[in-house]
Amino acid sequence: MKDVLEQKIAQVCNELFGVEVGIELTRPEEQFGDFATNVALQLSKQVGKNPREIGEALAVKLRETLTQEVSDVSVAGPGFINLRLTDMALVTGLKAQPAKGLDGQNVVAEYSDPNPFKALHAGHLYTSVVGDSIANLMEQAGATVHRVNFGGDVGLHVGKTMWAIIQELGSEDIEALLTVDLDSPEERAAWLSQRYVEGNNAYENDEGSKVEIVEYNKRVYQLHTEDDHDAPFAQIYWTCRQWSYDYFQYFYETINIKPFEKYYPESSTSGIGIAKATELIDKGILQDSDGAVVFKGEDYGLHTRVFLTSEGLPTYETKDLGLIIAKYEDFKFDKSVIITGNDIIEYMKVVLKVVEQFAPELSAATKHLTHGLVKLEGGEKMSSRKGNTLGALEIIDSAAKAAKEINNDDQAKQEDITLGAVKYAFLKQRMGGDIIYDPKESVSLEGNSGPYLQYAHARARSILRKGNNVNVVAEDALLEEGERSLVRKIGEYTEVIDKAVNDLMPHHVCTYLYELAQTFNRFYEHNRVIDDPRQTLRLGLVQSYADTLKSGLSLLGIAAPEQM
RNA sequence: GCGCCCGUAGCUCAGUGGAUUAGAGCAUCUGUCUUCGGAACAGAGGGUCGGCGGUUCGAAUCCGUCCGGGCGUACCA
């Protein structure tokens, strides 16, 4: 509808003033109309008339031209043209579908990226939820999306944890590890995370331990190159890595996001990265510097960064270089989206600049989307030393407690509500800045919250269950005011989704769905549906509304229960 | 120092390809109420859109500058 109107208005401008303009219709406040354009103000200079005059002339012509779609054209303020749609045009809009802007595209979406041997914290929850939704949006727009995950199963943090594990066990004793009393994935993960904290402390505070940890780090790389599964050290490593993976799996199932198609451990990409880095040294793209291999980012306005350390070990940059190559070999993607925290923006620029040197089309197809940190109220940063960190599952647990106070009879529904609250709380904010997470208030059950939307959906379904007939709004329906507002709002859905896909920003969907639910609740409060002379029409509206709300929530990864 | 990001109501945030009176939620106060499910609806108070300057008929939105905060700035990720 919007596109059609934009084209027709552009044509009218051309006929009237002989100029080519692109029309961008906006959604004004409802009192002004359904669509608005400021084209008269834009044309003013070109045409040499005052905008009000141009607006009036356009309005006259538009009234003649758009009789099917538009019932009223008015000129307001300095020259805005406000269009009011006909009821027929509005009702037609109920059937519109979002554009397939990514039709046929092969896309890789990388997000979540947890490291084995460490804990999952609030940030992992956030990035997983937002990544899942962005992948949903692209899928909805017609893309084939491959969800992948990347994590550091090698690197200094693993050295730290391995060191502490062996300290705890007393020696490199795999039997001792297996007799530690740990049953659930959560318990094992917690045990590992405790070891990491110990290893980290030792690394920072004790020179002797630090030397050992560096050595353990090298041994971990070595066991990968030798594909060692037999030595006790190796067995401890593989066992604990699996514990972490089991825990990740458990976590993703708990938060109910779509499964990952492939998990790339760093150990699998570092070899590819090293091979490429070595090749790039020969080409002069990477170079020696103080015993390390670096990329001279300064030449491109970026930082100089190390790719291979003087120990000969690959850094994050090289592993990521390997990852980009591996992803392309695996999926031959048209587009690759990487979702991470914004603290690695500069790193990624350097990595992509290096990729550009040997495969410009690859770096051009890669988009790095970033989000901020999850912080506590007052903007306080979480830190393990202050003891104010939030575990990923702790957030879910505390939200579950809040949900329980309201509804404690059905386990499955309660989970839907809990996850709805948490996911929505994260998703409703524009991606990029830091998120303030208040354990008490942030995961709310009322107001602009997930449960509000879920409840608004359940209410509508309840009405529909009582109505039980085929609920379609007749094309020639004449709408009353409250009905009209609802139809108008539902009609915005496709525009909003298109925008969210274009920007890859799920919060647009949240903002819209909340407005939609508010519009519905207003309608519902003031208009009878069942046992009203307009029952058939209104049931059609309720149906259309409930379906729209449900579709939108599913893009956010939020369930829309039929009853609550 | 340099680079990037951020600063909108008491708190948490929308709005930033300029445009009709800057919007929500929470909190505070007041109404609706024997509900087609009140996790609701109606309303009130609360804002120099960090400051100053510029571009424009028009700036929260664009440009400059200053203040405040965050992140990055070679062998962590």
Side-chain angles (χ1 to χ4, degrees), chain A residues 24 26 28-29 31-33 36 38 41-42 44-45 50-51 75-80 82 113 115 118 152 155-157 160 203 266 289-297 301-311 313 315-317 319-320 340-347 349-350 370 372-373 375 377-379 381 406-407 417 425 428-430 432-438 441-442 444-449 451-456 458-467 507-508 510-511 514-515 517-518 521-532 535 538-539 542 563-564:
Chain A
E24 189 69 35
T26 56
E29 284 176 46
Q31 53 171 316
F32 297 126
N38 61 4
L41 299 134
Q42 288 173 0
S44 171
K45 203 167 267 178
N50 85 53
V75 182
F80 301 103
N82 294 319
D113 295 352
N115 287 333
K118 285 177 78 172
L156 196 57
H157 67 281
K160 290 170 180 171
Y203 183 87
E266 283 187 7
S289 176
D290 295 337
V293 174
V294 306
F295 176 71
K296 291 275 184 194
L302 301 170
H303 300 311
T304 287
R305 302 213 54 100
V306 172
F307 277 69
L308 297 174
T309 70
S310 41
E311 297 270 356
L313 296 179
T315 58
Y316 174 77
E317 288 82 345
K319 295 166 191 168
D320 225 319
T340 75
N342 54 22
D343 51 339
I344 63 164
I345 288 177
E346 294 298 318
Y347 291 84
K349 277 187 195 163
V350 173
T370 64
L373 267 45
K375 290 184 172 177
E377 196 189 8
K381 201 173 163 179
I406 312 265
N407 174 339
I417 295 166
K428 74 177 174 185
Q429 261 177 76
R430 170 183 263 272
D434 291 343
I435 301 264
I436 309 295
Y437 177 81
D438 179 343
E441 287 175 27
S442 193
S444 168
L445 303 181
E446 48 192 31
N448 187 0
S449 71
Y452 172 96
L453 299 179
Q454 290 173 318
Y455 186 74
R459 286 172 108 185
R461 293 294 176 199
S462 170
I463 299 170
L464 291 170
R465 277 193 294 277
K466 289 183 181 151
H507 81 284
H508 288 130
C510 295
T511 306
Y514 181 62
E515 289 169 4
Q518 270 189 321
N521 280 338
R522 259 171 228 147
F523 167 78
Y524 174 87
E525 203 72 26
H526 303 294
N527 299 280
R528 184 90 205 163
V529 177
I530 305 291
D531 297 335
D532 185 276
Q535 167 167 330
R538 288 182 175 171
L539 278 172
V542 174
Q563 298 174 47
M564 286 174 73

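Chain letters run A, B, ... following the sequence lines, proteins first, then strands; residues in each count from 1.
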Partner lookup for A40(B), please. Criteria are Watson-Crick or G-U wobble with both distances under 3.5 angstrom; report none if nothing qualifies. U32(B)
Closest heavy-atom pair and its distance - A517(A), L453(A): CB-CD2, 3.6 Å
Counterpart base for C2(B), defined by Watson-Crick or G-U wobble contacts under 3.5 Å: G72(B)
Please give the nucleotide sitting opposite C26(B) as a Watson-Crick or G-U wobble pair, both distances under 3.5 Å, or none. G10(B)
Any-strand Watson-Crick or G-U partner of G18(B), both distances under 3.5 Å: none
On RNA chain B, compare the nucleotides closest to G301(A) and G152(A); which residue's is nearer the 5' end? G301(A)
Stacking check Y316(A) vs C76(B) (5.5 Å / 30 deg): no
Describe the nucleic acid contact of S310(A) in one word from base, sugar-phosphate, nothing, applying a heavy-atom distance below 4.0 Å. base
Starting at CD1 of I435(A) and ending at P of C13(B), how long is that distance when rounded to a whole Å? 7 Å
Euclidean distance, atom OH of residue Y524(A) to atom C1' of A42(B) [Å, nearest integer]: 17 Å
For atom P, what is the distance between G58(B) and G53(B), given to the nearest Å? 16 Å
Could you tell me the separation between the CG atom of L373(A) and the C1' atom of G69(B), rounded to a whole number of Å? 14 Å
Nearest-angstrom distance from the residue atom OH of Y452(A) to P of U12(B): 23 Å
What's the OH-C1' distance between Y203(A) and C76(B), to the nearest Å? 8 Å
Atom P, compared across G50(B) and G15(B): separation rounded to whole Å: 15 Å
C49(B) versus A22(B) - spacing of their C1' atoms, nearest Å: 8 Å
For N50(A), answer base if it contacts any base atom (sugar-phosphate contacts may also be present), sugar-phosphate if it contacts only those atoms, and nothing otherwise; contact means non-hydrogen atoms under 4.0 Å. nothing
Can you tell me how far P in C41(B) sits from the matching atom in C26(B), rounded to whole Å? 9 Å
Heavy atoms only, 4.0 Å cut-off, all strands: where does N521(A) land among base, sugar-phosphate and nothing? sugar-phosphate
Using atom P of each nucleotide, how far apart are U20(B) and A60(B) to the nearest Å? 10 Å
With a non-hydrogen cut-off below 4.0 angstrom, is R528(A) in contact with a base, only sugar-phosphate, or nothing? base
If you take all heavy atoms of N448(A) and K428(A), which pair is closest and at what distance? O-NZ, 3.0 Å
Side-chain donor/acceptor of S310(A) to backbone N/O of A292(A), under 3.5 Å: no
In whole angstrom, what separates D531(A)'s CG from C36(B)'s P? 10 Å
Q31(A) near the nucleic acid: base, sugar-phosphate alone, or nothing, with a heavy-atom cut-off under 4.0 Å? base
Will you find, in the side chains of E317(A) and T315(A), an N or O donor that is under 3.5 Å from an N or O acceptor? yes
Look at R522(A) together with E525(A) and state whether they make a salt bridge at an N to O cut-off of under 4.0 Å. no
On RNA chain B, compare the nucleotides closest to Q518(A) and I344(A); which residue's is nearer the 5' end? Q518(A)
Only pairs with both distances under 3.5 Å count, Watson-Crick or wobble alike; so what is the partner of C52(B) in this structure? G64(B)
Write down the distance between CG (N527(A)) and P (C41(B)), rounded to a whole number of angstrom. 14 Å
Taking atom types as they are modelled, is there a donor-acceptor pair under 3.5 Å from the base of A74(B) to the side chain of S289(A)? yes
Here the pair of heavy atoms bringing G155(A) nearest to K319(A) is CA-NZ, 4.1 Å
Please report the distance, rounded to the nearest Å, between CZ in R430(A) and P in G23(B). 19 Å
